[in-house]
Amino acid sequence: MGRRIRSSLRKVPVQERSRRRLDAIVAAAAELFAEAGFEATTTEAIAARARTSIGSLYQFFPNKLAVFRAVAERCLERTGEVFAEIFSAEGAPVDDLGALIDTSVDAFAALQEREPAFKAIIANLQLYGEYEEADAEMSRQFAAVVEALLAARAPKLEAARRPLVATTLVQTTGALLVLTARGGDPRVLGELKRMLRRYIEPELD
């Protein structure tokens, strides 16, 4: 799900050993970008954390910014996986949108708490332009799924308003998740759930 960030890889790994080395580099970079920030992190430090050589890092990436793009792509991939799991045909409780709102907020909050790649991009929002297009495309896809769910569960909602309501639900959730990830009061997420429930309740059957 979502558009891939423009590829920055010099070399696409084919062998399992190479794929593991690439994964280790991206994981190490995510940790360091989250801990120290992009500017203070060096490619040498990334290679050392990944327990590989600097030459191995440069086999895959031309520079540090390319490594960051790979970290951002990993974050978007993880986000897409969580969304797909929640909104799968088997998982989405279409008869209870309130419960779905609570489940979604909790799942994404848990993701940002455990995923180093998410922490890395939150700590370096000055680089948002490097993955903005892919992030926007993913949000549009999320909104399309939510719009279809509203069509099935909110018959009072005019068809012309559905895309706007779906986009509002997705973007509001994303914005407040970022706010809390940046050190905001975590109780805001409880208020987010209440706000989204009250926003959608008048449209339900």
Side-chain angles (χ1 to χ4, degrees), residues 1-85 106-142 170-171 173-186 188-189:
M1 178 174 287
R3 179 180 299 174
R4 292 179 66 84
I5 299 170
R6 61 184 183 277
S7 177
S8 297
L9 283 178
R10 274 180 164 168
K11 171 186 174 182
V12 177
V14 176
Q15 297 181 341
E16 180 62 26
R17 182 179 178 183
S18 294
R19 287 196 290 269
R20 288 198 302 269
R21 185 181 301 121
L22 175 61
D23 286 344
I25 291 170
V26 175
E31 293 174 357
L32 287 168
F33 290 147
E35 294 168 8
F38 179 81
E39 296 300 332
T41 298
T42 64
T43 51
E44 289 80 7
I46 294 170
R49 176 73 65 94
R51 297 184 178 180
T52 191
S53 67
I54 189 67
S56 292
L57 185 149
Y58 283 118
Q59 280 184 340
F60 294 114
F61 299 103
N63 51 47
K64 184 172 66 170
L65 187 57
V67 182
F68 180 82
R69 292 191 193 111
V71 170
E73 183 165 349
R74 175 166 293 188
C75 178
L76 296 183
E77 287 173 352
R78 297 288 187 270
T79 303
E81 289 166 1
V82 170
F83 184 90
E85 182 178 345
D106 289 342
F108 287 116
L111 173 68
Q112 71 183 26
E113 184 66 27
R114 71 174 183 267
E115 177 54 57
F118 193 100
K119 295 177 182 179
I121 67 170
I122 291 297
N124 297 279
L125 287 177
Q126 75 277 11
L127 297 175
Y128 179 66
E130 297 298 324
Y131 57 94
E132 180 178 7
E133 184 179 353
D135 184 49
E137 175 62 22
M138 185 174 69
S139 293
R140 285 191 290 270
Q141 292 183 8
F142 287 1
V170 170
Q171 295 289 355
T173 301
L176 289 182
L177 283 165
V178 169
L179 174 67
T180 57
R182 297 189 71 187
D185 190 333
V188 166
L189 296 182

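Residues Q112 and I122 have side chains not in contact (no heavy-atom distance under 4.5 Å, counting atoms from C-beta outward). Counting heavy atoms from C-beta on, the side chains of V26 and F61 come closer than 4.5 Å.
A salt bridge does not link R74 with E77: none of the charged nitrogens is closer than 4.0 Å to a carboxylate oxygen.
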Item to check | Worked verdict on R114 versus L111 for side-chain contact (heavy atoms from CB on, under 4.5 Å) | outcome: CA-CA 5 Å; R114 71 174 183 267; L111 173 68; 3.8 Å; yes
Item to check | Verdict with reasoning, T79 to F142, per side-chain contact (heavy atoms from CB on, under 4.5 Å) | outcome: CA-CA 10 Å; T79 303; F142 287 1; 4.0 Å; yes
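The backbone N or O of E113 lies less than 3.5 Å from a partner atom in the side chain of K119, making a donor-acceptor pair. Side chain of E115 to main chain of A117: a donor-acceptor pair is present (N/O by atom type, distance under 3.5 Å, no hydrogens or angles). Judged purely by atom type and a 3.5 angstrom limit, D135 has no side-chain atom pairing as donor or acceptor with the backbone of Y131.
A 6.0 Å sphere centred on CZ of R19 holds more than 12 heavy atoms belonging to other residues, nucleotides or ligands. More than 12 heavy atoms of other shown residues, nucleotides or ligands fall within 6.0 angstrom of atom CD in Q126.
Q59 and S18 form no side-chain donor-acceptor contact under 3.5 Å, judged by distance and modelled atom types alone.
Between A50 and A24, the shortest heavy-atom distance links the atoms CB-O, 3.6 Å.
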